[in-house]
Q: 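Can you keep this structure in mind? I'll have questions shortly.
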There are 2 protein chains.
Amino acid sequence: MVNLNKHPENPEEAILKAASEIFIEKGFDGARMQEIADKAGLNKALLHYYYRSKDKLFRAVFNKVFQRLMDGLVSVFEENMPVFDTIRIFFKEHQEVLITYRHLPVFILNELQRDPNIVVDMFNTSRLKKVRNTFFHRIEKEKQEGIIRQSIQPMELFINILSLSVFPYAAKPLITSFIGIDESAFFDMMEARKDGLADFVIQSIKA
Amino acid sequence: MVNLNKHPENPEEAILKAASEIFIEKGFDGARMQEIADKAGLNKALLHYYYRSKDKLFRAVFNKVFQRLMDGLVSVFEENMPVFDTIRIFFKEHQEVLITYRHLPVFILNELQRDPNIVVDMFNTSRLKKVRNTFFHRIEKEKQEGIIRQSIQPMELFINILSLSVFPYAAKPLITSFIGIDESAFFDMMEARKDGLADFVIQSIKA
DNA sequence: GTCTATATTGGGATAGAC
DNA sequence: GTCTATCCCAATATAGAC
């Protein structure tokens, strides 16, 4: 589960922590206020006292975990360094993020499909602007320098990298049952895959 | 929405069709038997008459749409032809499948995360066996022939191709809000991306 | 602020007429 | 087989004592 607050001292944080775990595991519709209260060691009435409604509590949770995941996945692209380095570091670090936040990708994708209005607009656009100014800019520069192939589109490369990184974790139950391996074997496989992924991408884009 | 039965003549099929649309859109927990009945033009009692319980109705739906999506995505890999051709044809056809079944990937990934026990085991293993005997076998052969790089792992390549193909559609709400485009612009972007994706992969694996 | 008790609606499931 | 009416539990939300 996601550890949002290591040691919540006040009820408000304890509720948010418990709610995060339950919502991420069961989704908005599957989550029960009673279960959240139990996990927080409090009673239902307090959830409403602090967050008014299930819906408002959910939004608080969603915004928080969404930003967490984005921080974990996107921050590398905001550093200004050679593109190949960015890619290698990203794939080296992404596994840790995705293991820590196991269920987050599917949770976010699903809730966004259920209700596209929950997106945190401000965050998205400002975040992408930063990626544009660093990673995308760097790609164009290295295309000029003859390091990267001319035909490479920054946005598509970005989407490709995220796809290769995130999808296998989202599809973990499918993959494990397909191949007939258990969870730990799956994570071993992902671990072994890291370097290969960077090679896979770099091989594609180098001039 | 997914059109499972064009013109359902009998109630049983009408229910399954309506249930598919509702379950895929709202998930198991978010779906309402009443809404399914309304959409099918029948009453709740009939749903229970034909399918006993919400859970059983859901399983009937899930098994069906799961197999549909797999057919659409995996069948190309079961044809015996040069690997590069397989890849090009797959990316050429995948868009159509994923537009037709828009919400299916997230639906399936989410329900599998919610309850990993719903996997249809028999189907998976037999299906993968076929892919192994054709696509995987072909990769090994072309490695011998010096067409494909020695370091390429068939299973990982397979996962990579599916990731590149499916993830952007699963993350559609995120991508559109990120870039600030609408649905139709998104599909245009995906359409334009097809050829580039095949190039992206082939560039990576060719010797 | 924190609890217990309760109001109230929603929704899966069934009984029973036709 | 198909309907209406109803049962009954579950779940969000609130009232009110402390």
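Every chain is numbered from 1, with letters handed out A, B, ... down the list of sequences. Quick note: numbers below take in every heavy atom, side chains included, and nothing from hydrogens, waters or symmetry partners.
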Q: C:dG11 P sits how many Å from B:K54 NZ, rounded?
A: 9 Å
Q: Quick one: B:M33 CE to D:dC9 P, roughly how many Å, whole number?
A: 19 Å
Q: A:L46 has an atom CG; how far is it from atom P of D:dA13, in whole Å?
A: 15 Å
Q: Does C:dT14 have OP1 or OP2 sitting under 4.0 Å from an N or O in the side chain of B:Y49?
A: no
Q: Charged N to carboxylate O below 4.0 Å: is that the case for B:E183 and B:R102?
A: yes
Q: Round to the nearest Å and state the distance from A:I22 atom CD1 to D:dT12 atom P.
A: 12 Å
Q: Which whole-number value in Å describes the distance from A:I15 CD1 to D:dT12 C1'?
A: 15 Å
Q: For B:A37, answer base if it contacts any base atom (sugar-phosphate contacts may also be present), sugar-phosphate if it contacts only those atoms, and nothing otherwise; contact means non-hydrogen atoms under 4.0 Å.
A: nothing
Q: State, yes or no, whether a side-chain contact exists between B:L112 and B:F62 at a heavy-atom distance under 4.5 Å.
A: yes
Q: A:L47 has an atom CG; how far is it from atom C1' of D:dA11, in whole Å?
A: 12 Å
Q: Using every non-hydrogen atom in the two residues, find where A:E12 and A:Y51 come nearest and quote the distance to one decimal.
A: O-OH, 3.1 Å
Q: Does a side-chain N or O of A:N43 approach OP1 or OP2 of C:dC3 to a distance below 4.0 Å, or not?
A: yes
Q: How many Å lie between CG on A:D55 and P on D:dT12, as a whole number?
A: 12 Å
Q: Have a look at A:Y50 and say if it touches a base, only the backbone sugar-phosphate, or nothing, with a 4.0 Å heavy-atom cut-off.
A: sugar-phosphate
Q: About how many Å separate CZ of A:F90 and OG of A:S75, when rounded to the nearest 0.5 Å?
A: 9.5 Å
Q: Please report, rounded to the nearest Å, how far the C1' atom of D:dT12 is from the CZ atom of A:F58.
A: 16 Å
Q: Could you run through DNA chain D and flag its stems, i.e. three or more consecutive Watson-Crick or G-U pairs with both distances under 3.5 Å?
A: C:1-18 with D:1-18
Q: When you look at A:N133 and A:R138, which way does the side-chain hydrogen bond (donor to acceptor under 3.5 Å, both in side chains) test go after all the steps?
A: CA-CA 8 Å; A:N133 287 339; A:R138 191 86 204 191; over 6 Å; no
Q: For DNA chain D, whose closest nucleotide is more 5', that of B:P11 or that of B:K44?
A: B:P11
Q: Kindly say if B:R32 contacts the phosphate of C:dG12, meaning a side-chain N or O under 4.0 Å from OP1 or OP2.
A: yes
Q: Is there a side-chain contact between B:H48 and the phosphate of C:dT14, meaning an N or O under 4.0 Å from OP1 or OP2?
A: no
Q: Classify the side-chain pair B:R193/A:N160 by whether it contains a donor and acceptor separated by less than 3.5 Å.
A: yes
Q: Using 4.0 Å as the upper bound for N to carboxylate O, is an ion pair formed by B:E21 and B:K17?
A: yes
